[in-house]
Amino acid sequence: MNLEHLNPNQKLAVIETEGPVMILAGAGSGKTRTLVSRIQYLLDEKKVSPFRILAVTFSNKAAREMRERIAADNDIDFGAIQVTTFHSFCARVLRNEAQYLGLSRNFTIYDTSESKSIVKTILGRRGISVKEVHPSEVLYYIDGLKNLGYYIGCTDEEANDDIDKDDLFFQFYQEYEAELHKSNAVDFGSLITGVLNLFEKFPEVIERYQKRFHYVLVDEYQDTNRAQFRLVRLLSEEKKNICVVGDEDQSIYSWRGADIRNILEFEKIFPDAKLIKLEQNYRSSKNIIEAASSVIARNSQRKGKKLWTSNDQGDSIKVVECPDDKQEAEYITKEITKLITKNVSPKEIAIFYRNNAQSRLIEDALRRSNVAYKVVAGIKFYERKEVKDLLAYIRCVVNDKDSLAISRIINTPTRGIGARSLRKIEDEAIKMNLSLWEIINKIVDEPEEYRFLKLSAKIRSGLNSFATMIHESKLLAASTETPSVVYEKLLNESGYLEALEVEKTYEAQGRIENLEELYTAIKQYEEYEDQPSMVGFLETITLDANKGDEQIEEVSMMTIHGSKGLEYHYVFVVGLEETVFPSFQSMEDGDDGIEEERRLFYVAMTRAMKKLHLCFAQARMLWGQVRFNSPSRFIDEIPEEFYEWEGVKKSQSIKKNTIKDGIDYSEEFSQDSDHSDFVETTYVQSTARIEYKFPKGTSLMHKLYGEGLVLDAEGFGEDEKVVIKFKDGARKKFLVKFAPLEKC
DNA sequence: TCGACGATCGTTTTT
DNA sequence: CGATCGTCGA
């Protein structure tokens, strides 16, 4: 096998296959290439069977990329190699060994919102209002326990030491686990702890897995939590061939339980571990690498790497000062348009922001200028109400113990079974120690036995048709029918589609389209998967909700967290202001919080290959108010020789919008900026009355929706928007510029 | 039981 | 500002 394309350290990282190895791979240091070569080396030179290799990563993106690269570089059959995420790997193990933990293999995986519902139920049952105890607080606590690797009956000392079992929250945790178990369900955290439980309590199980996997490889090691650490340590205990790859400077998930100790103490736990550093960067210009290195050097929690590159010096970084958030969006749009006219492919351009909400304004600006873009992992398709509803139907069919799913859709569309009746039925289920599904069937089968519940005839017939439909779908699913066939049946016979069609509103139409898209997604899954199943489909979407097409010529927009592992020629980072980035919350966390934000900034910078733009706004609309924040401290941390400053001047047309309620903010503008010389302080109080094309109260005609009344008007010129109430009661907001409107 | 409306929240990042 | 929650009235 030819290793000539690798540098000396990369080569070392490939051929040191035996014993514990930790590879510290800096940003852009050819990590994936090295890992793929290492696997290839194991197969070709060491004659290891693909069946014996396990490679786990943190994110689906990383797993997918590695799989693709391995497949591209080799002609051997790689089907047997397990390259997956921790969560997918654990889901697979749990399904295979479900009976050990009293689960059945068709268990449901609950996402965060479903976990939250369970917490709400538990709190509600105890009569605690969400105002006294926030469900998310409880969830955070529960997640914390699981990140530590705690499970019911866990005897691990470290995990137990950190837990106060007299805490009220610990009781919530226990009830929560009981509820999950009753529903034959697991959440993200217990995918990991479930497998830990399995491995630690059943020696015959862990032995099987230890015997199978001779080589264990962990990517994105800096993102692993304690539970995951224990998991890989157990797996590799027999052969001791564990190789972890990570970069402590890119550790940005501590809030999710990522534990820096996993890196810092690796050599303590594996005393004979070899340490290999990959420090040559192949991705970015010297300017970018040196600037990023000086920023990250300020962190104290590091092992210490010196990233360097032999690439060209490249363009200066550009720091851009904008008067406000709208003009920041305009600036970016203008620059991107320029790039595209210079024949730069939109695929090579990316916009990063600290939090998802920031994408909105930029999207508006890009759309206005007809720049094609995609928001990566933005408002998630699978989180839309109608999609979740249909998925709940599928979950009922797959796992009838999933009471959460049943209660979600038992009255959607309305079957006359309101909250009160549902409560009655649920209480009866608890009393009889039956699942919701079982009690529903009993009521349907022996209605006279349950007369005391005083359910109306309407409700009983509703229950009846619901139960029949789920029963039939179960039968259909059990026969050889494909998931999409079952989905179609559910869609039509539940009355869900019909209810939307009857609505005849714009929103309903959108929902129908989303349900059609869900159908397409199932079809695609069936094509892609060898043995498609409903369970498999559900798992794919809860563990990997990302869908995206790499081929399309579009500018990418994403959070910085989402950008990890990616690279673009041109990168725009927006919102570099105190309280936005670093975030307000992290600033309250003290040094640790700021160090993590700094790592995040480092990740953002090192995505850029050719040119990096760092933008900030003097004024920004936050929480419904115009705020004035100073430029991010991270800008100051870049040595001056690596960047040049650009001030964007206020444009007349947009200026008016930043004057709220007739108040002129110009004074604060100049006070707050260290570089106010770029800003013309020409703000004048606007005395002219705003002329709307369609003022409040106008009755008008919309080409598609018919007659309506203007409830509200806002915006100026190009930006004028109206809120219209239509005759059928529907309310809709339009941009006057585009909407087919006529006065009448 | 359900829709409409008002009030009141609270907002980081993701498997 | 926008989304969610809760209360009200029909």
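All chains are named by letter (A, B, ...) in the order of the sequence lines, taking the proteins before the strands, and each is independently numbered beginning at 1. Quick caveat, the model's predicted, so the values are computed rather than measured.
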Handout entry: Below 4.0 Å: OP1/OP2 of B/dT14 and any side-chain N or O of A/Asn60
Key =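 For B/dT14, neither OP1 nor OP2 has a side-chain N or O of A/Asn60 closer than 4.0 Å.
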Problem - Phosphate contact (B/dT14 OP1 or OP2) by A/Thr559 side-chain N/O below 4.0 Å - result: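 A/Thr559 to B/dT14 OP1/OP2: side-chain N or O found under 4.0 Å.
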Whole-Å gap separating [atom2] ([N]) and [atom1] ([X]):
| X | N | atom1 | atom2 | answer |
| --- | --- | --- | --- | --- |
| A/Asp325 | C/dC1 | CG | P | 13 Å |
| A/Glu220 | B/dT14 | CD | P | 14 Å |
| A/Phe188 | B/dT15 | CZ | P | 8 Å |
| A/Asp143 | B/dT15 | CG | C1' | 10 Å |
| A/Ile541 | B/dT14 | CD1 | C1' | 17 Å |
| A/Met587 | B/dT13 | CE | P | 17 Å |
| A/Asp223 | B/dT13 | CG | P | 17 Å |
| A/Lys326 | C/dC1 | NZ | P | 10 Å |

Problem - A/His134 ring center near A/Tyr140 ring center (under 6.0 Å) - result: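 No - the distance between ring centres of A/His134 and A/Tyr140 does not fall below the 6.0 Å cut-off.
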Exercise for the section: Assess the pair A/Phe581 and A/Phe616: is the distance between their ring centroids shorter than 6.0 Å? Expected result: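 No; A/Phe616 has its ring centre 6.0 Å or more from that of A/Phe581.
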Among [options], the nucleotide that comes nearest once only the side chain of [X] is considered:
| X | options | result |
| --- | --- | --- |
| A/Arg360 | B/dT15, C/dA3, B/dC2 | C/dA3 |
| A/Tyr253 | B/dT14, B/dT15, B/dT1 | B/dT14 |
| A/Ile459 | C/dG2, B/dT1, B/dT15 | B/dT1 |
| A/Thr414 | B/dC2, B/dT15, B/dT1 | B/dC2 |

What contact category does [X] fall into here, base, sugar-phosphate, or nothing, at under 4.0 angstrom with non-hydrogen atoms?
| X | answer |
| --- | --- |
| A/Phe584 | nothing |
| A/Lys120 | sugar-phosphate |
| A/Asp111 | nothing |
| A/Ser88 | nothing |

Problem - Parallel, tilted or perpendicular: ring planes of A/Phe352 versus A/Tyr568, cut at 30 and 60 degrees - result: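 The arrangement is perpendicular - the two ring planes meet at more than 60°.
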Write down the protein N/O and nucleotide N/O pairs, taken from nucleotides 6-12 of chain B, whose separation is under 3.5 Å; answer none if there are no such pairs.
unit_1	atom_1	unit_2	atom_2	d
B/dT11	O3'	A/Gln585	NE2	2.8
B/dT12	O5'	A/Gln585	NE2	3.4
B/dT12	O2	A/Arg354	NH1	2.9
B/dT12	O2	A/Arg354	NH2	2.0

Problem - Pair A/Ser183-A/Asp402, side-chain donor/acceptor within less than 3.5 Å - result: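 There is no such pair between these side chains.
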Practice task
Indicate whether the side chain of A/Ser59 and that of A/Lys564 have a donor and an acceptor atom separated by less than 3.5 Å.
Solution key: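 No pair is found: no donor N or O on one side chain lies under 3.5 Å from an acceptor on the other.
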Problem - Lys/Arg cation over aromatic A/Phe107: A/Arg95, 6.0 Å, 45° cone - result: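 Yes, a cation-pi geometry holds between A/Arg95 and A/Phe107.
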Exercise for the section: Examine A/Arg226 relative to A/Phe229 and say whether NZ or CZ is less than 6.0 Å from the centre of the six-membered ring and inside a 45° cone about the ring axis. Expected result: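 Ring-cation test returns yes.
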Handout entry: Sidechain N-carboxylate O distance under 4.0 Å for A/Arg598, A/Glu637
Key =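 Answer for the salt bridge query: yes.
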Problem - A/Val195 vs A/Leu94 side-chain heavy atoms within contact, under 4.5 Å - result: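 Side-chain contact under 4.5 Å: yes.
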Exercise for the section: Give the C-alpha distance, both sets of side-chain angles, the deciding distance and a yes or no for side-chain contact (heavy atoms from CB on, under 4.5 Å) between A/Tyr353 and A/Ile560. Expected result: CA-CA 6 Å; A/Tyr353 32 81; A/Ile560 304 170; over 6 Å; no
Practice task
For B/dG10 versus C/dT7, give the span between their P atoms, rounded off to a whole number of Å.
Solution key: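 One P to the other, the span is 16 Å.
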Handout entry: Nearest-Å distance once atom C1' is located in both B/dT12 and C/dC5
Key =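 After rounding to an integer number of Å, I get 23 Å for this pair.
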Exercise for the section: Using heavy atoms to find the nearest nucleotide of DNA chain B for A/Arg256 and A/Arg415 separately, return the residue whose nucleotide is more 5′. Expected result: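 On the 5' side of the pair lies A/Arg415.
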Problem - Strand DNA chain C as a dot-bracket string - pairs counted if Watson-Crick or G-U with both distances under 3.5 Å, | where the partner lies in another strand - result: .|||||||||
Problem - Sidechain-backbone polar pair: A/Arg607 side chain, A/Glu567 backbone, donor-acceptor under 3.5 Å - result: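 No, the answer is negative, given that no donor and acceptor are paired below the 3.5 Å cut-off.
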